[in-house]
Amino acid sequence: MAKITKRPIEAYACFAILIVMTVVMFAGVIWRYVFNSSLVWAEELARYLFVWFVFLSASYAVISKAHIRVEALNGLIPLKIRPYINLIGSFVWLLFSLYIAYLGFQYSFDLWSQNTNSAALKLPMGLIYMGIPIGYLLMAIRVVVVEIFQTLANRKEGEA
């Protein structure tokens with residue numbers, strides 16, 4: 001029997017966004033080259049979906065440990081203190097993610113309060129930019145759970 005793996009919400013959201021983005025871009029190409037017309041909103045929607053896709057998938061990359069790291073430096077650090085250095089790096093990553101999330105929410109709410117809308121779709125720009133702080137907030141949560149808690153749990157198991 002096949003083993004069913006539980007995936008985080010980011011995986012499903014990224015998959016759905018990628019499907020919608022692909023369909024919208026394909027429809028734009030068909031309209032342009034088959035019907036000699038254009039879907040004015042297609043490029044704009046694909047661009048805004050891509051923003052959400054990038055920042056949600058950055059959160060998912062924490063879970064799958066796909067973020068780029070400087071592993072060469074890890075080899076130079078003695079084995080005994082390596083987990084502590086990695087933990088410090090994870091805390092810095094957490095603080096950075098929380099700071100960017102804070103700035104992103106602030107910026108998105110400012111845009112929302114100014115009633116700034118996109119050109120073709122007339123979507124609030126605050127909604128579009130909200131993908132950035134949401135992605136960073138999810139990344140901060142994943143850094144705590146995956147990077148920090150798992151490192152501490154692995155450290156406790158190694159001592160036991």
Side-chain angles (χ1 to χ4, degrees), residues 2-74 85-151:
K3 182 180 178 183
I4 298 174
T5 58
K6 185 178 175 187
R7 296 195 185 276
I9 190 74
E10 294 96 325
Y12 295 109
C14 288
F15 181 73
I17 290 171
L18 195 58
I19 294 292
V20 172
M21 211 168 52
T22 303
V23 168
V24 166
M25 289 173 59
F26 182 72
V29 169
I30 296 297
W31 251 257
R32 177 157 298 166
Y33 291 106
V34 174
F35 301 117
N36 289 327
S37 182
S38 68
L39 297 173
V40 178
W41 52 268
E43 179 192 344
E44 190 174 281
L45 180 60
R47 186 177 338 123
Y48 297 150
L49 286 172
F50 188 69
V51 170
W52 275 82
F53 176 77
V54 165
F55 290 100
L56 289 178
S57 61
S59 172
Y60 180 63
V62 175
I63 299 164
S64 58
K65 298 192 181 277
H67 278 278
I68 297 172
R69 291 179 176 250
V70 183
E71 293 295 328
L73 186 62
N74 235 3
I85 299 296
N86 289 336
L87 203 57
I88 290 169
S90 295
F91 275 115
V92 170
W93 187 5
L94 171 66
L95 292 175
F96 176 77
S97 296
L98 289 173
Y99 180 67
I100 297 297
Y102 169 75
L103 291 178
F105 278 121
Q106 211 172 29
Y107 185 68
S108 296
F109 290 139
D110 285 348
L111 283 175
W112 222 312
S113 67
Q114 295 169 7
N115 291 325
T116 310
N117 293 329
S118 65
L121 293 169
K122 304 296 183 212
L123 289 172
M125 291 303 288
L127 173 70
I128 294 159
Y129 280 92
M130 193 61 74
I132 298 168
I134 288 174
Y136 270 98
L137 185 62
L138 288 171
M139 193 178 339
I141 292 168
R142 298 303 183 181
V143 166
V144 168
V145 172
V146 173
E147 295 290 325
I148 296 173
F149 284 166
Q150 282 186 357
T151 300

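Predicted model only: the values in this text are computed from it and were never measured.
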Look up atom [atom1] in [X] and atom [atom2] in [Y], then write down how far apart they are to the nearest 0.5 Å.
X	Y	atom1	atom2	answer
Ile100	Ile132	CD1	CD1	9.5 Å
Thr22	Ile17	OG1	CD1	11.5 Å
Met125	Asn115	CE	CG	13.0 Å
Arg142	Ser97	CZ	OG	13.0 Å
Ile141	Ser59	CD1	OG	8.0 Å
Leu127	Asn117	CG	CG	10.5 Å

Crowding at [atom1], [X] (>12 non-hydrogen neighbours, <6.0 Å):
X	atom1	value
Arg32	CZ	no
Phe105	CZ	yes
Gln106	CD	yes
Tyr33	OH	no
Ile9	CD1	no

Closest approach of [X] to [Y] (non-hydrogen atoms, all atoms of both residues):
X	Y	result
Gly28	Ala42	CA-CB, 4.4 Å
Arg7	Tyr12	O-CE1, 3.5 Å
Pro8	Ile63	CG-CD1, 3.4 Å
Val62	Met139	CG2-CG, 3.4 Å
Leu138	Glu10	CB-OE2, 3.9 Å
Ser90	Val143	O-CG1, 3.5 Å

Any donor-acceptor pair under 3.5 Å linking the side chain of [X] with the backbone of [Y]?
X	Y	result
Trp52	Ile128	yes
Ser108	Tyr129	yes
Ser118	Leu123	yes
His67	Ala58	yes
Glu44	Leu121	yes

Notebook entry, point to check: Step by step, would you call Trp31 with Ser38 a side-chain contact (heavy atoms from CB on, under 4.5 Å)?
Noted result: CA-CA 5 Å; Trp31 251 257; Ser38 68; 5.9 Å; no

Check: Do the ring planes of Tyr136 and Phe55 sit parallel (below 30°), tilted (30 to 60°) or perpendicular (above 60°)?
Finding: tilted

